[in-house]
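Report on one structure; see the data block that follows.
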Amino acid sequence: MKEYRTISKIAGPLVFVEKTEPIAYGELVNIILADGTTKRGQVLDTSDELVVVQIFETTAGIGRDSGVRFTGETIKMPVGREMLGRILSGGGKPIDGGPDIVPEKRLDINGAAINPYARGMPADFIQTGISTIDGTNTLVRGQKLPIFSGAGLPHNNVALQIARQAKVPGSTEKFAVVFAAMGITKEEANYFMQDFERTGALERAVVFLNLADDPAVERIITPRLALTTAEYLAFELGMHVLVILTDMTNYCEALRQIGAAREEVPGRRGYPGYMYTDLANLYERAGMIKGQKGSVTQIPILTMPGDDITHPIADLTGYITEGQIVVNRDLHRKGIYPPINVLPSLSRLMNLGIGKGKTREDHKKVSDQMYAGYAEGNDLRGLVAIVGKDALSERDRLLLEFADLFESRFVRQGYDEDRSIEDTLNLAWDLLATLPVEQLTRIDRELINKYHPKFRTGAKKE
Amino acid sequence: MEVTTKHAKEQKQGVLKRIAGPVVTAVNLDAHMYDVVKVGKEELMGEVIKIQGESVIIQVYEDTSGIRPGEPVSNTGLSLAVELGPGLLTSIYDGIQRPLSVLVDKMGNFIERGVTAPGLSHDKKWTFKPLVKSGDKVEPGAILGEVQETNIVHKVMLPPNVKPGTVKTIKSGDYTIDEIICVLEDGREYPMIQRWPVRVPRPVKEKMNPTIPLITGQRILDGLFPIAKGGTAAIPGPFGSGKTVTQQQLAKWSDAEIVVYIGCGERGNEMTEVLTEFPHLEDPKSGKPLMERTVLIANTSNMPVAAREASVYTGITIAEYFRDMGYDVSLMADSTSRWAEAMREISSRLEEMPGEEGYPAYLAARLSEFYERAGLVKTLNGARGSVSVIGAVSPPGGDFSEPVTQNTLRIVKVFWALDAKLSQRRHFPAINWLNSYSLYLEALHDYYDKEVSPEWNTIRSWAMEILQKEAELQEIVQLVGSDALPESEQVTIEVARMIREIFLQQNAYDAVDTFCDMKKQYAMMKAIKTYAELSYSAQLVGVSPAQINAVKAKNELAQIKFIKDYTPELAKIMKQMDDEFNTLRSAA
């Protein structure tokens with residue numbers, strides 16, 4: 001393999017190489033330093049005169065005297081069954097002291113788009129044991145449902161609780177977990193690792209760790225490696241895979257950093273104009289394939305800068321993913337765990353996974369009624385602050401109390417509390433029973449007669 | 001996708017010079033703007049988008065990884081075109097009219113590159129029934145015959161851009177789309193297929209002003225903010241406000257004869273939902289699966305960005321083709337923002353001077369060109385056809401002041417403003433009744449008078465007034481509480497609540513409520529108005545708002561929308577309501 005020593009410019013994560021033979025776009029590049037260490041990169045722009053290489057690690061130590069080797073192939077990663085239980089670096093190298101991965105296959109890390117015609121429709125309800133998710137923002141297999149959070153909020157606990165408790169009722173298969181950390185602190189990483197070990201989840205997990213002090217640009221490939229692994233486990237080995245990506249905000253920062261180094265025309269807030277497409281290429285790698293057994297379900301986590309849901313990172317993510325779970329600071333301050341604010345939260349695929357034969361026939365309508373009641377009660381809090389409780393009508397007073405009950409009983413639950421969907425829905429009915437029956441306009445009479453505690457118990461007595 | 005066969009000529013090969021993502025540069029290539037070219041050894045399809053001295057800049061419709069400088073580029077000399085003919089209906093295409101089902105057969109579950117697939121099946125035989133005979137004079141766009149494609153009759157037409165002529169022979173029987181079915185006196189021969197460049201609107205005789213509403217079965221749309229057949233509408237809204245559900249409801253229930261649905265840069269799972277659901281849903285008119293009148297274009301967000309840019313043109317060209325047969329076509333584009341972003345991405349790779357928020361300066365021009373392809377027309381063959389365009393817009397952060405929303409609003413006539421606040425309280429469809437508007441009300445006035453009820457237009461204005469009034473009153477309520485309002489206004493608040501909860505809210509997932517015809521809409525609104533009148537008059541004679549609110553019949557009204565044969569039940573409720581008010585009044 002030919003080695004060039006024609007580096008003309010190094011700027012940030014980019015290395016410019018001159019006078020090469022024709023080099024392919026997207027090719028994997030090795031840069032050989034004077035001390036013999038190798039750094040990896042990828043071709044971003046290629047022409048007769050100049051090749052632009054993006055390095056995945058720090059460019060420290062690269063000089064104009066460094067050697068450049070073009071490998072002639074795009075970035076592939078070795079994958080194999082033995083990856084389960086292993087801890088790898090953000091660049092895919094084992095860091096748990098174990099042997100190298102013996103590859104069963106080498107796959108392009110960029111993956112390919114699933115043909116929409118070949119996609120299977122997500123329909124299997126995943127019970128996470130968390131009422132605010134199962135009851136009102138249901139997760140289904142093959143969905144991508146991010147957690148929108150803010151700095152200092154317990155999103156990691158929520159993610160871990162989901163990973164620990166997630167199951168498809170009636171199925172004994174456990175989820176395999178692919179965990180990709182991008183730019184999180186060692187402490188946070190330890191927290192995840194300890195929990196995986198405590199619960200025995202590690203043996204069915206593959207962990208990729210790019211920590212806060214690892215090179216930022218490596219974060220560009222970490223989620224791609226993780227998703228390639230997940231696709232392999234799902235579509236070649238038939239496993240159901242849960243992918244946790246944290247923290248997508250750090251990924252986007254790395255994307256912006258590279259855009260700036262390339263002197264690209266920036267889009268909103270300096271993020272590159274192609275960020276939507278770039279994020280879509282990650283998030284869209286969730287799903288199922290018709291006639292195949294496995295599935296990839298994604299739970300990306302992002303911290304919204306300034307808790308701003310309109311920030312480009314949260315905004316573009318929300319437009320791609322199938323809903324979002326929003327972790328809220330006010331609830332957290334009130335000491336409620338998990339502090340999930342259901343109002344801006346949403347699961348777009350919820351209707352595919354619930355209802356008769358899947359969860360329960362009243363699920364959809366109960367969920368809508370809970371939402372409507374909580375939204376209205378929540379609005380009334382503003383009014384009460386001005387006019388006082390006494391000025392409220394009876395209807396409004398009940399709604400206000402309902403909102404409080406909703407937070408203290410439905411939202412709040414223990415870190416290890418695993419509520420079944422039956423429990424969640426019955427709890428919902430107990431809360432709805434505090435409102436007059438005529439006010440339950442979202443639920444038809446038949447369901448009210450069947451499930452409303454008042455009529456339920458009444459029926460038994462007769 | 002195929003390319004038009006005319007103008008084809010010998011082209012010399014060019015050489016690739018630079019590759020940077022989906023935009024590549026070639027030299028030594030004879031090319032004109034928007035020529036389709038084959039790039040590299042794998043012959044990836046691309047389109048010329050800029051010519052600069054010796055360099056030709058090409059956007060490539062497939063992933064360019066692994067392509068090297070020095071590889072060949074050849075020009076087909078043709079522009080990007082779609083194949084039009086029997087076989088379009090029930091098809092599912094990517095952005096450049098490659099059938100996705102064929103791609104699965106050719107390359108498996110994932111989209112690989114370098115595979116071509118024609119838009120229509122060239123082997124399948126269709127039964128052609130002639131409608132002209134030898135000796136007939138035919139103008140461009142003339143209907144030569146027909147094919148029963150699904151339950152829709154596919155009219156086979158002379159292409160629009162040819163000279164008139166006289167039919168010499170016309171065939172009848174089973175033919176493929178490539179076999180000649182018509183020969184003219186001057187020797188010109190025509191098969192059933194025609195090809196049309198996607199960036200050029202198909203010609204019509206005359207554009208007319210729309211006068212008939214596109215009935216969608218959605219109360220807030222038909223009732224308050226209707227769109228006309230041949231009209232344009234935009235649905236902007238932040239994520240999670242229900243754009244896609246609204247678009248899908250329109251695709252399912254609108255009374256157009258043909259539906260073209262473009263999933264442009266959207267979610268894969270959502271397209272799957274459409275693909276799985278449509279074949280099982282019945283067209284309320286024909287009772288046949290909805291898929292039989294539908295063409296789907298699915299270029300999801302992770303499929304190549306240049307093909308996303310093309311998908312909108314592919315869709316509208318197919319829509320125009322069916323319009324030319326004399327059909328009412330509705331086209332849904334979800335989402336035009338992703339299309340605009342594709343333009344922005346390509347533009348920034350071209351290093352063009354950016355306009356607002358990095359979008360190219362020609363954004364407004366492209367959007368208006370696209371929406372202008374909608375319309376109610378007299379076709380070249382004299383029939384009446386229409387294309388209604390409904391574009392979803394996804395404004396970043398839900399901010400309607402951004403360029404795509406603003407440029408769209410300058411063109412479209414109907415604005416359905418989705419509101420995240422409404423969707424958070426599960427008020428669906430989450431269309432804000434105060435911000436939305438329709439400029440077709442005047443044009444559709446006569447239709448409603450005749451087809452629904454002479455009362456309808458008045459009732460509609462009444463409802464809008466109440467809703468407007470409520471918004472004003474709510475501001476006061478926020479400050480002093482509802483008990484402080486005068487009694488008549490407390491009644492208004494209650495009536496407005498009923499309009500919102502009973503009329504405006506509609507459950508897309510309920511088997512009955514998902515579609516509500518105009519008669520039922522009228523009946524429901526009329527019932528609410530009757531309640532309002534009874535309430536006001538009771539209040540005048542001294543009945544308290546609390547007593548009025550306790551009227552039981554009112555609560556029953558909410559159930560009407562879930563009942564299929566609602567008339568007897570409604571009559572019963574109205575009777576009960578009357579009785580209750582009579583009791584109240586006489587007690588007062």
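Lettering of chains follows the sequences in order, A, B, ..., and the numbering in each one begins at 1.
- In this structure, A:Ile289 and A:Ile114 have side chains that are in contact, with non-hydrogen atoms separated by less than 4.5 Å.
- In terms of heavy-atom pairs under 4.5 Å with chain B, the best-connected choice from A:Leu282, A:Leu352, A:Leu279, A:Val52 is A:Leu352.
- Residue contact with chain A, scored on non-hydrogen atoms closer than 4.5 Å, involves the side chain of B:Lys243 exclusively.
- Interface remark: B:Pro22 contributes no atoms to any contact with chain A (heavy atom separation under 4.5 Å).
- For chain B, the nearby part of A:Arg268 is the side chain; its heavy atoms alone come within less than 4.5 Å.
- Within the 4.5 angstrom heavy-atom criterion, atoms from both the backbone and the side chain of B:Leu103 approach chain A.
- For A:His311 and A:Tyr271, the ring centers sit closer than 6.0 Å to each other.
- Side chain to side chain, A:Thr321 and B:Arg267 fail the donor-acceptor criterion of an N or O pair below 3.5 Å.
- Looking at A:Gln324, the atoms closer than 4.5 Å to chain B (heavy atoms on both sides) all sit in the side chain, from C-beta outward.
- Contacts between B:Arg344 and chain A at a heavy-atom distance below 4.5 Å involve the side chain alone, from C-beta outward.
- For a residue to count as touching a neighbouring chain, one of its non-hydrogen atoms must lie under 4.5 Å from one of that chain's; by this rule B:Glu356 does not touch chain A.
- Side chains of A:Gln143 and A:Thr297: no donor on one and acceptor on the other come within 3.5 Å.
- For B:Thr64, the parts sitting under 4.5 Å from any heavy atom of chain A are the backbone and the side chain alike.
- Remark: B:Arg308 does not engage B:Glu345 in a salt bridge, criterion side-chain N to carboxylate O under 4.0 Å.
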